[in-house]
Amino acid sequence: MSNRVRTRFAPSPTGYMHIGNLRTALYGYLFSKSQKGDFLLRIEDTDQKRYVADAVEFIQNTLKAANIIPNEGPDIGGDCGPYIQSQRLDIYKKYAEELIEKGHAYRCFCNDCSEEQHAAQEAGDAKSFGGYNRACRDLEQSVIDQYLAEGRPYVIRQKMPLTGEVTFHDVVHGNITIACDTLEDQVILKRDGMPTYNFANVIDDHLMDISHIFRGTEFITSTPKHVLLYQFLGWEPPVFIHLPPVMGKNEDGSISKLSKRHGATGFSQLVDMGYLPEAITNYVALLGWSPKSEQEIFTMDELIERFSLEGLSKSPAVFDYNKLDWVNGEYFKAMSDEDFAKKSSAFGGIIAESLGDKWTYLASLLKTRVSRFNEIPEQIGFFKDLPDYDVDLYNNKRNKVTPEKAAEILPVVIEVLEKVETWTPEGIDEVLQPGVTESGIKMGTFMWPARIALSGQKVTPGGVTELLYLLGREESMKRLNLGLTKVQG
């Protein structure tokens with residue numbers, strides 16, 4: 001193993017990127033880049049039942065969107081390819097046979113199991129069905145030769161030590177010791193020649209010169225099996241970093257592993273909701289890692305510069321959608337009006353299209369008022385269709401406005417606005433501001449009925465001047481007159 005830091009992200013091609021998986025990829029990427037090392041993408045598709053068409057492309061696109069760029073991978077190439085496990089079957093068979101020769105594995109011809117047990121064995125998880133009784137562990141060679149001559153199908157199992165312990169060090173959790181008598185003789189090569197995860201994982205990590213492995217704590221119980229494989233093959237194991245799970249908050253205040261019942265849990269789902277990819281990445285970086293400062297908004301370069309293994313926590317992190325809203329909102333505020341308008345236009349829909357060049361103006365008003373893009377439709381719906389609002393909406397204690405008072409004010413508003421020659425924010429203000437002064441009506445009292453008549457709601461992006469400009473002269477006057485009709489009863 002070289003001294004160069006090399007990490008990998010090795011997902012199954014299921015077509016979904018859970019936040020926990022994204023964090024695993026991100027931490028591996030940040031650490032390798034902080035050490036001037038390499039980050040690899042490897043597709044672990046040995047479980048063909050879980051394979052989803054186009055999933056590899058989906059994973060690659062997701063990493064690209066999150067700005068996690070591998071140095072090597074299926075679409076990039078590299079010296080350690082192929083980077084898709086189903087294309088490496090001859091490699092696994094070679095090392096499985098080597099383990100048999102060394103006395104650390106054996107062929108298992110058992111066929112008296114239930115279908116569920118067969119499936120569990122071939123997935124490397126016989127333990128959940130009572131375990132395997134090791135019937136083929138010590139078969140005479142003559143029996144093995146006979147079975148092979150008969151063409152009996154078999155799996156290859158790892159021969160676990162029956163006594164002793166396996167101890168390994170984890171960066172986050174320290175030294176971990178597990179008794180060998182708790183370890184099953186796991187399947188490492190299935191009947192169809194496909195390796196199991198636990199076997200292919202070790203072979204590939206060694207051959208791809210992986211120095212540090214980032215993965216979830218659910219793999220801690222599998223790690224002794226991996227450590228033994230490294231020992232049996234005479235290889236140095238990598239550094240293990242097992243990350244605690246990402247949790248979600250339940251309605252009763254308790255926490256449990258983040259799942260769909262808590263809300264969106266996938267990167268693409270969050271993007272579809274209107275979160276910026278870079279904001280998601282920023283927030284995910286903080287789910288279990290501390291920068292040891294008060295800073296919370298980071299560029300990718302800043303994350304790489306600050307990331308360290310010492311900042312990792314062994315406690316589970318709780319995914320807080322409100323905190324993600326805040327982070328995303330900070331990214332919105334830092335964007336230019338043009339950039340925000342471009343990225344938000346899809347959420348503006350037909351209103352964005354109808355406004356044309358005015359969309360950038362409206363987007364500049366929305367930029368500091370929304371936390372994610374999918375809040376935009378609710379904020380701007382009134383531009384397309386004026387709600388059928390109740391006249392009680394004109395009531396405003398602070399500005400001392402009632403529907404009756406609005407009936408007195410709206411004619412003045414209409415009269416003032418009829419004098420506007422240039423229907424721009426500046427042109428409207430040049431007439432509106434002096435008009436309010438001349439009317440003798442307080443500014444808040446004057447503007448409240450106008451806001452309600454123009455929008456049919458109490459809160460709007462922008463004030464009366466902005467609403468007038470965006471609606472245009474004709475629509476504005478139409479709505480003000482409709483409002484007057486309403487309050488006149």
Side-chain angles (χ1 to χ4, degrees), residues 5-9 17-37 39 63 66-69 168-176 211-220 223 238-250 253-259 262-267 270 275-334 371:
V5 168
R6 286 170 63 83
T7 64
R8 50 74 167 170
F9 178 51
M17 182 73 80
H18 187 274
I19 287 301
N21 292 335
L22 179 70
R23 185 187 64 170
T24 299
L26 177 60
Y27 284 0
Y29 175 77
L30 293 177
F31 180 66
S32 65
K33 295 304 159 187
S34 72
Q35 303 300 309
K36 312 300 182 187
F39 175 74
L63 292 178
N67 200 21
I68 301 172
I69 311 300
F168 64 93
H169 181 76
D170 179 83
V171 169
V172 177
H173 303 277
N175 288 336
I176 298 173
S211 63
H212 295 72
I213 293 177
F214 289 80
R215 60 190 178 200
T217 51
E218 64 268 26
F219 292 103
I220 285 180
T223 302
V239 176
F240 298 108
I241 303 107
H242 288 94
L243 305 170
V246 178
M247 311 295 281
K249 186 173 289 187
N250 302 318
S254 63
I255 62 172
S256 58
K257 194 167 184 179
L258 185 66
S259 66
H262 298 114
T265 61
F267 180 85
L270 293 170
Y275 292 104
L276 293 167
E278 55 268 38
I280 301 170
T281 301
N282 187 152
Y283 178 63
V284 168
L286 302 175
L287 290 174
W289 168 74
S290 171
K292 307 298 183 184
S293 72
E294 297 301 315
Q295 184 177 348
E296 294 184 286
I297 305 300
F298 295 90
T299 64
M300 182 61 85
D301 286 342
E302 288 173 330
L303 286 171
I304 290 171
E305 181 182 351
R306 300 287 293 277
F307 190 82
S308 70
L309 298 181
E310 291 73 25
L312 295 175
S313 171
K314 66 171 60 177
S315 301
V318 178
F319 194 92
D320 185 340
Y321 293 91
N322 292 329
K323 186 59 178 288
L324 177 58
D325 282 349
W326 176 82
V327 171
N328 203 59
E330 292 299 299
Y331 273 81
F332 280 174
K333 293 172 187 175
S371 298

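Side chains are part of it too, since the values below use all heavy atoms of this structure and drop only hydrogens, waters and symmetry mates.
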A.B. asks: From Leu22 CG over to Met17 CE, what is the distance, rounded to the nearest 0.5 angstrom?
C.D. replies: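 Between atom CG of Leu22 and atom CE of Met17 there are 6.0 Å.
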A.B. asks: Short question: side chain of Ser211, backbone of Arg6 - any donor-acceptor pair under 3.5 Å?
C.D. replies: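 Present.
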A.B. asks: Taking atom CD as the centre, does Glu305 end up with more than 12 heavy-atom neighbours from other residues, nucleotides or ligands that are less than 6.0 angstrom away?
C.D. replies: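 Atom CD in Glu305 is not packed in, count stays at 12 or less.
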A.B. asks: Rounded to the nearest 0.5 Å, what's the gap from CD1 on Ile220 to CZ on Arg215? Could you check?
C.D. replies: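 The CD1 atom of Ile220 sits 9.0 Å away from the CZ atom of Arg215.
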A.B. asks: What pair of heavy atoms forms the shortest contact from Val318 to Leu287, and how long is it?
C.D. replies: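 Where Val318 meets Leu287 most closely, the heavy atoms are O-CD2, 3.8 Å.
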A.B. asks: For a side-chain contact (heavy atoms from CB on, under 4.5 Å) with Pro291, tell me which candidate from Arg306, Glu302, Glu296 qualifies.
C.D. replies: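 When Arg306, Glu302, Glu296 are each tested with Pro291, the side-chain contact (heavy atoms from CB on, under 4.5 Å) holds only for Arg306.
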A.B. asks: Keeping Ser34 on the side-chain end and Phe31 on the backbone end, is there a donor-acceptor pair under 3.5 Å?
C.D. replies: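 Yes: the side chain of Ser34 pairs with the backbone of Phe31.
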A.B. asks: To the nearest 0.5 angstrom, please state how far the CD1 atom of Ile68 sits from the CZ atom of Phe267.
C.D. replies: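 Taking CD1 in Ile68 and CZ in Phe267, the distance rounds to 7.5 Å.
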A.B. asks: Anything under 30° is parallel, anything over 60° is perpendicular, the rest tilted; go ahead and classify Tyr321 against Phe319.
C.D. replies: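 Because their plane-to-plane angle is over 60°, the rings of Tyr321 and Phe319 count as perpendicular.
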A.B. asks: Would you confirm whether Tyr27, through its side chain, and Trp289, through its main-chain N or O, come within 3.5 Å as a donor-acceptor pair?
C.D. replies: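 Checking the backbone N and O of Trp289 against the side chain of Tyr27, a donor-acceptor pair under 3.5 Å is found.
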A.B. asks: Counting distance only, does the side-chain N/O of Thr217 pair as donor-acceptor with the main-chain N or O of Pro244 below 3.5 Å?
C.D. replies: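 Looks like no, no N/O pair under 3.5 Å.
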A.B. asks: State the CD-CG distance between Glu278 and Asn328, to the nearest 0.5 angstrom.
C.D. replies: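 Glu278 atom CD to Asn328 atom CG measures 8.0 Å (nearest 0.5 Å).
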A.B. asks: To the closest 0.5 Å, what do you measure between CG (Asp320) and OH (Tyr283)?
C.D. replies: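 The distance works out to 5.0 Å.
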A.B. asks: Provide the closest heavy-atom pair for Leu324 versus Ile280 in the form atom of the first, atom of the second, distance.
C.D. replies: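 Heavy-atom minimum between the residues: CD1-CA, 4.2 Å.
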A.B. asks: Once the angle between the rings of Phe307 and Phe214 is folded into 0 to 90°, is it parallel (under 30°), tilted (30 to 60°) or perpendicular (over 60°)?
C.D. replies: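 Ring orientation, 0 to 90° scale: tilted.
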A.B. asks: Is there a donor-acceptor pair closer than 3.5 Å between any side-chain N or O of His242 and the backbone N or O of His173?
C.D. replies: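 Checking the backbone N and O of His173 against the side chain of His242, no donor-acceptor pair under 3.5 Å is found.
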